[in-house]
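So the structure is just underneath, and the comments pick up after that.
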2 protein chains.
Amino acid sequence: MTSVAGARSGKPRYLQIADDIEEQIKGGRLAPAEEVPSETVLMERYGVSSGTVRKAIAELRAAGLVETFQGKGSFVKSRPPVTRKSSDRFRRSHRRAGKAAYIAETEQAGVKPTVQVLSIGPVAAPREIAERLGTADGDKVLARRRLYFSDGVPTEEATSYLPWSVARDIPELFEENPGGGGIYARLEEHGHEFAEYVETVRARLATKQEASALGLSPGSAIIHLTRNAVTTSGKVVEVCDTIMAADQFVLDYRIPALD
Amino acid sequence: MTSVAGARSGKPRYLQIADDIEEQIKGGRLAPAEEVPSETVLMERYGVSSGTVRKAIAELRAAGLVETFQGKGSFVKSRPPVTRKSSDRFRRSHRRAGKAAYIAETEQAGVKPTVQVLSIGPVAAPREIAERLGTADGDKVLARRRLYFSDGVPTEEATSYLPWSVARDIPELFEENPGGGGIYARLEEHGHEFAEYVETVRARLATKQEASALGLSPGSAIIHLTRNAVTTSGKVVEVCDTIMAADQFVLDYRIPALD
DNA sequence: TAGTGGTCTAGACCACCGT
DNA sequence: CGGTGGTCTAGACCACTAC
């Protein structure tokens with residue numbers, strides 16, 4: 001019956017509560033990784049019902065300030081270090097030094113990189129991938145799916161697609177560890193000399209699957225990067241499709257001035 | 001008392017409802033700009049209470065499929081055309097043809113571009129901008145803030161910063177319309193020959209201000225792009241800071257293979 | 001004034017986590 | 001087991017829109 005609620009001061013109660021907790025976080029009174037008071041406690045403290053508290057927490061989650069775990073509670077997010085993806089990470093000199101692109105760039109950021117291979121094997125090429133590879137929709141391609149971690153935190157899920165005609169001759173591409181310098185080094189050893197890489201960047205909200213794969217709260221932003229590796233003969237020998245947690249990456253690109 | 005609910009088939013009811021409506025949209029049974037049935041109707045149709053219907057609609061809103069207006073209803077979003085930002089948009093030939101970068105790229109996408117100048121004038125350089133320009137924090141710089149529209153829909157808010165020492169000699173930079181080819185054409189006319197542009201891409205959720213400036217629902221993803229314009233003498237003569245609606249842009253970059 | 005979405009209540013049961 | 005968050009109900013009142 002109450003009703004009461006609503007716009008005592010213009011602003012919805014759940015936003016007032018969210019703002020209050022946000023200030024406590026930003027003011028340091030709630031430290032990173034610390035547990036936010038439970039819903040029961042907050043209901044009593046603010047004199048509201050469960051639904052209102054839950055909307056407030058949902059607001060904080062959407063803002064990326066807390067994450068919640070069923071049965072455990074809500075916790076202040078610790079802001080993880082940013083990994084900078086700079087556009088010189090594909091230099092041959094890195095590969096000659098035995099470093100794949102991911103290792104080269106994250107080491108630079110002072111983060112310990114690890115990789116987990118999720119699957120390697122033939123698949124039917126999805127439409128967009130086939131278009132980029134210049135093959136037909138559904139053609140057999142080699143897919144290498146892997147998950148990258150920075151200091152143990154999953155940050156990036158990447159799938160490389162290679163035309164079967166290219167991949168079948170290079171046995172290392174079917175190994176979990178393709179050897180020093182990564183798959184690009186192996187491709188160059190087999191006569192595929194790279195001329196350029198073309199990257200396409202999109203950003204959007206994470207789907208449920210992506211969020212859980214990267215350990216994100218639903219509603220987080222992700223960067224979707226697709227890269228074509230183009231050889232001097234103009235052939236696309238690899239397409240890499242990557243989903244990254246947006247808050248952990250900054251992408252740098254240099255564009256030469258042209259006429 | 002009921003309770004009932006919960007996991008009849010593993011999946012929460014509100015997600016089932018959201019999925020059902022999503023299929024109706026993707027299957028074309030709910031056309032773009034069409035009104036989604038009202039909450040009252042949906043409550044009856046699915047036999048659930050208001051809260052459940054509201055969560056389902058919230059899910060669709062988060063996925064960017066519908067937008068809702070208080071007192072009017074929820075409507076299927078018409079998917080606006082994607083503007084592709086390709087990395088050759090700074091070619092001099094575009095400028096010689098009298099086209100600024102934004103015009104060149106959106107025309108290509110078949111969209112009618114318009115620009116609204118929000119402000120032009122001296123400001124104290126924010127820290128990150130000063131760093132990029134190579135001046136001191138708080139130095140006087142010329143700021144040009146403008147809002148870009150595609151087919152009348154706000155899509156991008158950009159602020160250009162130029163060192164005062166560069167800007168003061170070029171009167172056109174203080175005009176709303178800097179003339180054919182945009183400010184880059186004027187800078188080149190005054191002896192600043194560009195060597196390269198360095199772009200930094202970030203993605204995150206929109207703040208409240210950004211969301212309202214771009215007409216987005218809060219919680220939408222945005223792309224934050226910052227560009228340095230570097231001359232052949234190595235000087236940064238402009239820094240452009242841009243906030244874009246993530247669902248309206250795809251960024252393309254070409255990275256030459258280097259040793 | 002009738003209909004819409006926006007907020008809120010005071011409960012309920014479920015699923016998960018720790019002890 | 002008790003505590004946590006996750007889902008849901010069946011209402012209520014408020015604010016806005018359209019007629």
Side-chain angles (χ1 to χ4, degrees), chain A residues 1-21 30 33-62 65-77 208 211-212 217-219, chain B residues 1-21 33-62 65-77 208 211 217-219:
Chain A
M1 53 310 276
T2 47
S3 115
V4 161
R8 186 96 83 214
S9 83
K11 213 170 190 177
R13 195 81 180 89
Y14 75 89
L15 279 182
Q16 294 176 27
I17 296 172
D19 287 349
D20 190 42
I21 298 175
L30 277 174
E34 194 171 333
E35 186 167 357
V36 174
S38 78
E39 294 183 358
T40 322
V41 171
L42 293 174
M43 283 168 66
E44 286 173 10
R45 175 177 306 175
Y46 293 103
V48 298
S49 74
S50 66
T52 307
V53 164
R54 289 186 56 72
K55 276 202 88 170
I57 300 276
E59 201 69 15
L60 294 170
R61 218 169 25 226
L65 288 170
V66 306
E67 42 190 350
T68 82
F69 305 94
Q70 182 173 146
K72 293 175 69 179
S74 292
F75 301 83
V76 178
K77 261 200 197 173
K208 285 229 159 28
S212 76
S217 342
Chain B
M1 55 310 274
T2 48
S3 114
V4 161
R8 185 97 86 216
S9 83
K11 212 168 191 177
R13 196 80 180 90
Y14 76 89
L15 280 182
Q16 293 176 28
I17 296 172
D19 287 350
D20 189 43
I21 299 175
E34 193 171 335
E35 186 167 357
V36 174
S38 77
E39 294 183 358
T40 321
V41 171
L42 293 174
M43 283 167 65
E44 286 173 8
R45 176 178 306 175
Y46 293 102
V48 296
S49 74
S50 67
T52 307
V53 165
R54 289 186 57 71
K55 276 201 90 169
I57 300 274
E59 201 70 14
L60 295 170
R61 219 173 18 229
L65 287 169
V66 307
E67 44 191 346
T68 83
F69 306 91
Q70 183 175 140
K72 294 174 70 177
S74 292
F75 301 83
V76 178
K77 261 199 197 176
K208 286 208 164 43
S217 345

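Since we're looking at a predicted model, the values are computed, not measured. Just so we're on the same page: letters track the sequence lines, and every chain starts at 1.
Evaluated for a side chain to side chain contact (heavy atoms under 4.5 Å, CB included) with B:Ile17, the options B:Ile57, B:Val48, B:Leu42 yield exactly one hit, B:Val48.
Atom pair B:Gln16:CD and D:dG6:P shows a separation of 18 Å (rounding to whole Å applied). As a whole-Å value, the separation of B:Lys11 NZ from D:dG6 P is 18 Å. B:Leu60 places its CG atom 15 Å from the C1' atom of C:dG5, with the value rounded to the nearest Å. In this structure, the CD atom of A:Glu67 is 14 Å from the P atom of D:dG5, given to the nearest Å. Taking atom CZ of residue A:Arg13 and atom P of nucleotide C:dA10, one finds them 13 Å apart after rounding to whole Å. Counting to the nearest Å, the P atom of D:dA18 and the CZ atom of B:Phe69 are 11 Å from each other.
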What's touching nucleotides 17-19 of chain C from the protein side, N or O pairs under 3.5 Å?
none

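Using modelled atom types, no side-chain atom of B:Glu59 and backbone atom of B:Tyr14 make a donor-acceptor pair closer than 3.5 Å.
Nearest to the side-chain atoms of B:Thr68 among the listed nucleotides D:dC8, C:dC8, C:dG6 stands C:dG6.
For the pair B:Val76 and B:Leu65, the minimum side-chain heavy-atom distance is 4.5 Å or more.
Scanning all heavy atoms of the two residues, the minimum distance from B:Ala18 to B:Ala56 falls at CB-O, 3.8 Å.
Near DNA chain D, defined here as any heavy-atom distance below 4.0 Å, the residues from residues 39-47 of chain A are A:Glu39, A:Thr40, listed numerically. Within a heavy-atom distance below 4.0 Å of DNA chain D, the residues of residues 49-56 of chain B found are B:Ser49, B:Ser50, B:Thr52, B:Lys55.
Not one side-chain nitrogen or oxygen of A:Ser38 sits closer than 4.0 Å to the OP1 or OP2 atom of D:dG3. Phosphate proximity of C:dT7 to A:Tyr14: present, with a side-chain N or O under 4.0 Å from OP1 or OP2.
Residue pairs meeting the side chain to side chain donor-acceptor pair (under 3.5 Å) criterion with at least one partner in residues 45-56 of chain B, sequence neighbours excluded, are B:Asp20-B:Tyr46, B:Glu39-B:Arg54.
How far OG of A:Ser74 is from CD of A:Glu67: 9.5 Å, rounded to the nearest 0.5 Å.
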